Amino acid sequence: MQTEFTEDQEQFREVVARFLQDKSTPLSVREMMASEAGYDKDVWRQLCEEVGVAGTHIPEAFGGFGFGSIELGVVAEEMGKHLYCGPFFSSSVMAAYALLNIANDSSKVKLLPDIAVGKTLATLVLDSLNSPEAVGRQLVVANNSLSGTAAMVLDAHVADLFVIVARAETGLGLYTIHAGAEGVSVDLLETIDQTRKVSRVSFKNATVERIGHVNSESLDRTWDHICVVLAHEMIGGAQHLLETTIDYTKLRYQFGRPIGSFQGLKHRCADLLMEVEIAKAATHHAARCLDAGEGEAYAASMAKALAADTYMKAAREAIQLRGGIGFTWEEDTQLWFKRAKSSEVLMGTPAIHRERMISMMEQQS
Amino acid sequence: MADLQAFREETKSWLAENCPKGARGPGEVHTGSTKVTVSADTQAWMEMMAEKGWTVPMWEKEYGGAGLSIAQTQVLFEEMSAIDARPPLVNMGTRMLGPTLLEFGTEDQKKRHLNLIARGGAAWCQGYSEPGAGSDLAGLNTRAVASGDEFIINGQKIWTSGAQNADWMFCLVRTDPDVPKHQGISFVLLPMDQPGVTVRPISLISGSSPFCETFLDNAVAERRDLVGQLNEGWSIGKRLLQHERSGQGGLGPSAARSRPVGVSVDLGVAEVGLSYVGVTDGKISDPALRDEVVQWKMQDAAFKATQRRAGAESQNAKAPGEATSIFKLVGSTLAQDKQELIVKLMGNSGTGWEGAAFSKDEIGATRSWLASKAVTIYGGTNEVQANIIAKRVLGLPD
Ligand SMILES: Cc1cc2nc3c(=O)[nH]c(=O)nc-3n(C[C@H](O)[C@H](O)[C@H](O)COP(=O)(O)OP(=O)(O)OC[C@H]3O[C@@H](n4cnc5c(N)ncnc54)[C@H](O)[C@@H]3O)c2cc1C
């Protein structure tokens, strides 16, 4: 198993970072938050055409670049740092991973190539974003007719294609339906984090196509894949908050000294650095486990839990160490703070992932 | 004791008879501002209580209070709680400036300002922080120059909570720039409605703007509104902070009802745990979260016990001292932890901001959680409280 990034991977990181530095500035993030779509179509097109992010991990046979979770993690980490707002996570990560892990081959051939180039925006509809065990209680299919509600679906308001996990008599299945089809309604929600838009999606006798059978193994694997990417995004965000906070403590003077010279704050910053480094290590390790197909089964849950706790801690410290400024709308810290909160609970809270991890360990022994 | 019982009976029946329905349960509280219109019930409730001197029950009668003892005040608050009556009037005048003036004010200042505060006729704001002087408050630069019967004031204040609705400001200003920083500061009172005062709202992380930048451009304070001696304002300003901190940490008579600024709903952690995490055999389903709930409960209960002990010990002391930093530090941390725990228990439902998809409690929880991030900053940050405790309470060297 790989233990550090290769030169190619580092170069790839550079490319993504440079692009985002330019196109995903705090100013543009604020614009996206205030916009209905929540993303800039031109920037997304360029990201797909020039950097090729949407198909990073999709096999060449399905129109992608055939890299793995490591490279996808590189993209996500940089996106987290720059708080990129766009359909990468919903379409390329969530929907594409569900298709890759669960769909039959003919559907992969049919659907993935357009997702891999960012032409189709897909999103994964799950009726629980808490844990794989809780999926399949709200959305029910009978005779290819789907009914029920998913309380939170990422980017549903802009998606072209819904990839859905729902319960049928024969067990859980994977289904698709196009946006705008009869019986589908999408309500954009106002959540605290406007950098990532979510909607409530309801189906009423909507005609869906069944494209695969879901078993607990394939759903778990999909969940793990998504969580590891999310963990990368979170450590990227945490890293950003750490860096900007350290910078601030060097610049802000009180009592005639930079506040970073007070031992109380020095220790806080040092603690935060250690936490971020540990969460990063766990996250990078989890991606390597997935790509190598070996390592601890719980690596993904461990990464998600650690990254989420670390991101929230970094966000809290970022505000506290800025004093009054940190609490204002004008200061950019709040943007990352809000993303940290929404990511913490997305795909399972740290508590759920800790439980999942210990359960896996118990089953193994 | 018998007297107290009689007082309780009287109070109980007076409250039952007079407290309007619209002044009970959660809702708006009068701030005394002349610039804000409140509901008829809120207005009537404030006026009736002011009539009895019960907006500031412990102040002497001549200053608008009722001259109640601590024990009587306790009874009054208990009886108000029993019928879920809201406080009739809460602002920086009742909680912070009033007690400070009682201690340091001239007779003229007490007569004019305390009476106005007590009958809800003015809202106050706090002109302490400046862009360059936050934790290092004594580093403030706003200049006041004496000129005849007036002080002419120039400078900028920031984070002035409620400045947009305030009628008066108590303000720390530099009156002597040539002496060590703590020795050249004075404490003055000035009206907000004058050409020299401009306020500009600052938007908060939550989108609302309850605080402002305040620009002082040849603003005027009357000489008779200098509190204490010239250049001796620092100790007065600090005393006021102790009143502020004791309120925030939950000390003082209104403790039972005080909530951090901006925290709009008062949910119980155990109740939220049961309804959002789920129930198994009557218990919160997730043992780890259940443990967190009980840990918070334990800390909270122990904190309240500590407050009661400290309250009993300081019955004789007139005003709170340096130890209020302990209560500010613990109280604000607990308040913040509570909001953090509540949104955690709510999971995805704890990210709602607006709209019908989330319940009122859920939206309130998210907003309160965000607002609670400020309690460890305002009134002196937690780090600064820890410094004060280390230096003043423990006597640790610099
Ligand atoms: C919601 C809200 C309402 C407020 N209302 C008012 C108001 O009405 N009137 C008013 O005058 N002010 C008000 N304030 C201002 C508040 O008092 C200041 O924000 C606070 O004192 C901190 O000052 P600062 O923001 O300049 O932060 P800074 O002093 O710059 O502090 C930044 C960080 O450095 C830390 N730090 C600074 N010095 C030390 C040290 N020696 N050792 C260790 N750590 C240190 C701080 O703890 C903090 O974490 C309000 C603030 C908020 C958030």
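Scope of the values below: all heavy atoms of this structure, side chains included, with no hydrogens, waters or symmetry mates. Just so it is clear, the model here is predicted, and its values are computed rather than measured. Order of the sequence lines sets the chain letters (A, B, ...), proteins ahead of strands, with each chain counted from 1.
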As an exercise, state the distance from CD1 of Ile259(A) to OG1 of Thr381(B), rounded to the nearest 0.5 Å. 9.0 Å

Arg316(A) versus chain B, the contacting section by heavy-atom distance below 4.5 Å: side chain

Reported CG-to-CD distance for the pair Asn387(B) and Gln263(A), which is rounded to 0.5 angstrom: 11.0 Å

Looking at every heavy atom in both Asn348(B) and Met152(A), which two are closest together, and how far apart are they? O-CE, 3.4 Å

Option in Asp187(A), Val345(A), Thr349(A), Leu346(A) with maximal non-hydrogen atom pairs under 4.5 Å from chain B: Val345(A)

Using non-hydrogen atoms only, which part of Ile352(A) is less than 4.5 Å away from chain B: side chain, backbone, both, or neither? neither

I'd like to verify something: which residue of Phe327(A), Phe337(A), Phe262(A) has the highest number of heavy-atom pairs under 4.5 Å with chain B? Phe327(A)

When the 4.5 angstrom heavy-atom criterion is applied to Leu204(B) and chain A, the contacting part is both

Rounded distance [0.5 Å steps], NZ in Lys341(A) versus CH2 in Trp369(B): 5.5 Å

Between Gly323(A), Pro350(A), Ala351(A), which shows the greatest number of heavy-atom pairs under 4.5 Å with chain B? Gly323(A)

Measuring from Ile205(B):CD1 to Ile192(A):CD1, what's the distance to the nearest 0.5 Å? 7.5 Å

To the nearest 0.5 angstrom, please state how far the CD atom of Gln334(A) sits from the CG atom of Leu370(B). 8.5 Å

For residues 249-256 of chain A, run the donor-acceptor check on the side chains, cut-off 3.5 Å, and write out each pair with its distance to 0.1 Å, sequence neighbours left out.
unit_1    : atom_1 : unit_2    : atom_2 : d
Thr249(A) : OG1    : Ile246(A) : O      : 2.8
Arg252(A) : NH1    : Pro131(B) : O      : 2.8
Arg252(A) : NH2    : Pro131(B) : O      : 3.3
Gln254(A) : OE1    : Gly134(B) : N      : 2.8
Gln254(A) : OE1    : Ser135(B) : N      : 3.0
Gln254(A) : OE1    : Asp136(B) : N      : 2.8
Gln254(A) : NE2    : Gly132(B) : O      : 2.8

Please find the pair of heavy atoms, one from Phe358(B) and one from Glu190(A), that lie closest to each other, and give the distance. CE1-O, 3.8 Å

Between Arg322(A), Arg268(A), Glu330(A), which residue shows the highest count of heavy-atom pairs closer than 4.5 Å to chain B? Arg268(A)

Ranked by heavy-atom pairs below 4.5 Å to chain A, first place among Lys344(B), Glu383(B), Lys181(B) goes to Glu383(B)

Is it the case that the side chain of Gln320(A) and the backbone of Thr376(B) share a donor-acceptor pair, with hydrogens and angles ignored and the cut-off at 3.5 Å? yes

Measure Ala374(B) against the heavy atoms of chain A and call it side chain, backbone, both or neither at under 4.5 Å. both

Distance in Å, Leu321(A) CG paired with Ile377(B) CD1, rounded so as to fall on 0.5 Å steps: 9.0 Å

Using non-hydrogen atoms only, which part of Ala386(B) is less than 4.5 Å away from chain A: side chain, backbone, both, or neither? neither

Under a 4.5 Å heavy-atom cut-off, does chain B meet the side chain of Ile319(A), its backbone, both or neither? both

